[in-house]
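Keep in mind that this is a model prediction, so the values were computed, not measured. Computed over heavy atoms, backbone and side chain alike; hydrogens, waters and symmetry mates excluded.
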Amino acid sequence: MVQFHEHIITELLEDTNGGLVVTSSGLGLHKLISSLFILHHHSQGCLLVLSATPPQKSSILRNYENDIQSLISGEVPNLPSEITFDLPANQRLALYTSGGILFITTRILIVDLLTHRLPTTAVAGLVILNAHSLSDTSTEAFIVRILRSTNRSLYVRAFSDRPHSMVSGFAKAERTLKCLFLRKLHLWPRFQVYVSQDLERDPPEVVDIRVPMSTYMIGIQKAVIEVMDACLKEMRKTNKVDVEDLTVENGLFKSFDEIVKRQLDPIWHTLGKRTKQLVSDLKTLRKLLDYLVRYDAVTYLKYLDSLRASESFRSVWIFAESSYKIFEYAKKRVYHFGRTDSGKLGLSKTVSTKKRKLNDNKKDEVAQQCRAVKHDIVPLVFVCLIDQSTSTETMVVLEEVLEEPPKWKVLLDVLMEIQEERDKQASSGEEKDHLGDGDDNGIVLVACKDEYSCMQLEDCITNGSQKVMCEEWEKYLLSKVQLQALPKRNAKKAKEPKGFGVLDAASEVSKRINKDIVGEDDNQKHVDVGGSVNRKGKGKKKKGSAGENCNNDVAPEDDAMEGGCLNEVFLRKHDLGLDAESSRETKKLPPVVFYALESDKKILDILKPSIIIAYHPDIAFVREVEMYKAENPSRKVKVYFLFYEESTEVQKFEASVRRENGAFESLIRQKSLMMIPVDQDGRCLGLDSSNEPQSVISQNHVTRKAGGRREAEKEMQVIVDMREFMSTLPNVLHQKGMCIIPVTLEVGDYILSPLICVERKSISDLFGSFASGRLYHQVEMMSRYYRIPVLLIEFSQDKSFSFQSASEIGDDVTPNSIISKLSLLVLHFPRLRIIWSRSLHATAEIFASLKSNQDEPDEVKAIRVGVPSEEGVVENDVRAENYNTSAVEMLRRLPGVTDSNYRAIMDGCKSLAELAMLPMERLAELMGGQKAAKMLREFLDAKYPTLL
C-alpha cells in the first residue's frame, strides 16, 4: 500500500461519522476501498456497499482477495457477498445479520428498509461509490436518512474520483455532504504533498514520441476546428448560453454537452430548429476530431459517408465554408483520380480527349482480364477511356492511396527497438539487472482507446499494415455495392454514367470476388498483398516488370494479367516500401497484449508489464501507471507515449490536466468557505426521519377548537409500487413526512386512498406509453377498479413546464400531437383526472392535498386489485364487482345510457338480456326519465332489416 492511502484511511477513521473523499482519477480508489474492507470485522455489523459499477466491483474484489492472502496466518475475514432480487427475504436477512461485507443495489436496500426486513441496528456503515452522481433526491440520500434516524453509530464513507463532476452546478460538494449528513470533505489531488512524494520518489522511465501527422490529416483537423468555431459563433448569437463556456477547448470533452444541455434545458421548447441542430452538430464535430487520430483513413471515410447520408439535409455544419475540405481530404487519404497518356501518369493538356463509355461486354472483358489471383488481393480497377480521334490512348485512373496512420509505423518501430534491446541485454548478460525483481514476463502492454483499435492493431502486427488497409478498402467497396443494390422507393430511372467512379470500381471488385470464389483452385497457394506467400508457408516476394504483370505488386502466376492489358486497364497500388515490410515480418517481435481503456479493467497488477505503450494517452491511465510503479519500486518500468504532434490529441490531454487541477482548486476554495451546520451529522434526526417544515395545510388549524390545542396528527400513508423506486418521488414523499409502503401493484403506481389511484408519467415515459398503447390499458384498469383514476404528468424542475411552444400547437386533432392524444384519452375515459406537476416537491404537495379528506389506503386490498384468482374471477374487485367489462362497454354505448345513469342500470338488472325485458316504467325509474327510457326502448324494439 502506498503511504498516501494510509493517510486517507487515518483521516477517515478519525471521524466516526464518516466523510466524503475526492481523489484524482487513477489514484487507486479501488485499492483504497479494499484496504478499508480489511479493517472491517463482522462483530461490528454488516458493511453495505452502494452504487458500485460492475468493473469497480470486480476490481475491488480482486484486490481484496489479494490482500487477505497475507492474513492466512490469522483470522481470514469472509469474502464480500452480493445481494440480488433472486435471493428470498429469509436469505437476505441471514446475510444482513452475518456482519459481512455486502454489495447491494439501492432499490433492494430501500425496499428492505421500508418493509423492516433489515434491522437498522445490524448495519455498521455504508460505503458509497461515485458520490459525484448523488443529489438530495437520490435513493442513496433516502437510505442514509432512514438509517441515520434509527442508528446513531452508523458511519458513511463516500468516494469519488471525478473532481470536475463535483464542481458542476451550484455548491455541488456542499449539497452532497448535506444529503449524506456528513461534515468532513477530504481532497486528494495529484499535486497534494503526500501523493507527489509517493509517485515521484522513483518514477517510471518515460519516452515521449511525437508523431507528425500527414498533410491531409492536418488539413482535416484544421477544417474541423474551423467548422466547430463557426458553429460556436452561431451558438453565441442566440444569447441563450454562457459565452465563457463556448470555447473549442471545452468542445473537445464530453462534459461540454452537459454544460450546454444544462443551460438550454429550461428553454429548450423555445429554441428554433437551427439552435437545436447546432447542439447536435458540436457533438458530431467532436467525434470527427477524436476519430481522426483514433482510426485509419478508410474507417474515417466510411464514417463521413454515413454522416453525409444521415445528416446532409438537417445539419448546419455540412454547409459551413470549410466543411467540403473535410470530405475532400478524407477521400484523398484513400484514393484519387487521374489520367494517363500512352501509359504515363499525368494530365494531358495538348491532346484533346473525347470520352466514350465502355459497353457491357467491354467491361466484362476488362474485369476478366484484371481478375486477381485471390480475392484477398484487391487491385483497384482503372478503366481505359480511348480517344478515337488520335493515335494516343488516354486512360482515366482511379488510384488507391490507402494512407496508413503514421502511428502504425512508429508502433512497429518501437516494438522492434524493444526486442533489439532485449536481445542485446540477453547476449551481454544484463537481463537480470533489467528485470529488476526477476519476475518479468516480457509482456509489452499497448493501451488503446477502444476494442476496435486493439483488434486492428493486433491484425496490423500479425499480418502487416498494408494487408489491413487493403482489407478495410475491400470492405468499404463491398459496402458501397450492397448499399447501391438496396431497393429505393420512388427511384427514378438511372442515367447512363458519363465516366468511371468509386461505385464502378466497387462493382468490378464484387464481380471479381464472386468469380474467384467459384473458380478458385484449392491447391493454389495463398498470396498476400505484398506478393509473398501467406503465413502457412514462407516465401520470397516475386517481382516483375510492368510490361509483364501490369503491377509489380501482383505475383506473376496470374497468366490473365500478361500481355496487352496496359492498353485496357492500369493497376496502380500504393507502395509503402515492400522491403521494409518484409524485414518486419522476418524480425521477431516481443509478446504484446492490447488493452482497451474504455473497458475500465485494472490489468496492470495482473499482467505486471515492464514496458507500456500508451497508444492513446489518457490522464487516468497515466496515474494508474504511476501507482503501479510506486507499488513496485524494484521493478523497472518504461513507458512510451505516442502523440500526434500539434494535434487536438495533445491539446485534449493537456486540457484534461488543467481541468482537473482547476476543479480541485475550486473545491479547495469551497471547502474553506463552507458553512456546515453542527447537526449535519444526522444525530439530531427524530424517529420519524422527516426534516421538512410543517406544511401550510397542517398549520391552518381552527384555533377555537379545543382552545387552539393541536390535534394528534395522523401519519399519511402512501402505497407505492416496487417499480417506482427507480424514480426519486418516494424519497421526496418520505421527506414530507409520509409513510411509504412498498408493494407490488397490478393497477397504478401510487394508491393515496381507497378511491384514488395515481399513474405517474414522466415526459419521456408519457410519449413512449402513447406510442406503445400501454397508457390506454393502464387508464382502463384504473377506471375499472377505482372511482377517481388520476394521471400524473410530472415535469422536471430544471426544464420548461410545457410540452411544446404555443406556436407548435395546432387547431385540428393530429395523430402526432401529444395534446391531441391527451384530448382523445380524456374523451374516452371521462372519469380520468389529469394532474400537471412542475417538480417532485410539487407532486408531494399535491398528494398531501388529495389525501387531506380521504381515508388511508388498505394495503391488502391494493395488492389484490387486478390479480385474477384460480377461477379466473378478479378477487375483491373494488369498482367492477366482477362485472363483464365487455357488456359494460356495450351498455354505455346504448341510446339513452349516460355516465350518470349506467351504474343505476347495472344495479337494477344483472345482464343485457334482463335489461331488454324490463317494462317501460322500470326503465324510466332506472334511467332517470321517460325520454331516455323511450330512446332505449325504441332501439331495443326496432325491427332488424332482412334481405328479400
Side-chain angles (χ1 to χ4, degrees), residues 201-212 404-448 454 456-468 528 530-541 576-595 603-615 617 621-622 624-643:
R201 185 177 292 112
D202 186 16
E205 181 183 354
V206 177
V207 179
D208 189 354
I209 302 176
R210 299 301 172 102
V211 183
E404 296 179 7
K407 277 189 179 182
W408 285 10
K409 180 178 182 301
V410 176
L411 176 63
L412 290 171
D413 292 341
V414 169
L415 292 175
M416 287 191 291
E417 177 185 335
I418 293 170
Q419 187 60 37
E420 290 175 359
E421 290 181 357
R422 289 182 176 179
D423 293 340
K424 290 180 181 178
Q425 291 169 354
S427 60
S428 60
E430 298 177 359
E431 184 175 1
K432 185 175 180 180
D433 180 66
H434 170 69
L435 297 181
D437 54 4
D439 60 349
D440 184 35
N441 50 20
I443 291 178
V444 177
L445 180 66
V446 180
C448 305
C454 291
Q456 194 175 55
L457 285 177
E458 185 176 6
D459 194 14
C460 177
I461 293 176
T462 305
N463 301 324
S465 57
Q466 191 175 5
K467 184 174 181 180
V468 173
D528 66 2
S532 60
V533 180
N534 205 0
R535 287 175 294 177
K536 296 181 179 179
K538 295 182 180 180
K540 297 181 180 179
K541 299 177 188 149
L576 294 179
L578 299 178
D579 295 334
E581 194 74 25
S582 61
S583 64
R584 291 173 188 164
E585 294 178 0
T586 56
K587 289 189 177 181
K588 182 182 176 183
L589 294 178
V592 181
V593 175
F594 293 90
Y595 164 59
I603 64 170
L604 289 176
D605 293 324
I606 300 175
L607 297 177
K608 297 186 180 300
S610 60
I611 296 180
I612 302 169
I613 301 176
Y615 189 83
F621 183 69
V622 172
E624 291 177 14
V625 173
E626 289 183 309
M627 286 288 299
Y628 169 68
K629 181 64 176 73
E631 293 171 344
N632 301 274
S634 60
R635 180 184 296 275
K636 291 185 178 181
V637 179
K638 190 173 185 179
V639 185
Y640 292 86
F641 288 99
L642 302 186
F643 284 105

Within this structure, what is the [atom1]-[atom2] distance for the pair [X] and [Y], rounded to the nearest 0.5 Å?
X: Cys448; Y: Lys407; atom1: SG; atom2: NZ; result: 9.0 Å
X: Ile613; Y: Tyr595; atom1: CD1; atom2: OH; result: 16.0 Å
X: Ile611; Y: Gln419; atom1: CD1; atom2: CD; result: 9.5 Å
X: Arg635; Y: Ser610; atom1: CZ; atom2: OG; result: 7.0 Å
X: Ile443; Y: Lys608; atom1: CD1; atom2: NZ; result: 11.5 Å
X: Ser465; Y: Gln456; atom1: OG; atom2: CD; result: 10.5 Å

Could you tell me whether the side chain of [X] and the main chain of [Y] form a donor-acceptor pair under 3.5 Å?
X: Arg422; Y: Gly442; result: yes
X: Lys629; Y: Val637; result: no
X: Tyr628; Y: Pro609; result: yes

So do the side chains of [X] and [Y] get within less than 4.5 Å of each other, counting heavy atoms only?
X: Tyr640; Y: Ile418; answer: yes
X: Leu604; Y: Ile612; answer: yes
X: Phe641; Y: Val622; answer: yes

Of all heavy-atom pairs linking Pro590 and Leu415, the shortest is CD-O, 3.4 Å

Distance-minimising heavy-atom pair for Glu458 and Thr462: O-OG1, 2.8 Å

Decide side chain to side chain contact (heavy atoms under 4.5 Å, CB included) for Ile603 and Leu445; before the verdict, give the C-alpha distance in whole Å, the side-chain angles of both, and the deciding distance to 0.1 Å. CA-CA 10 Å; Ile603 64 170; Leu445 180 66; 3.8 Å; yes

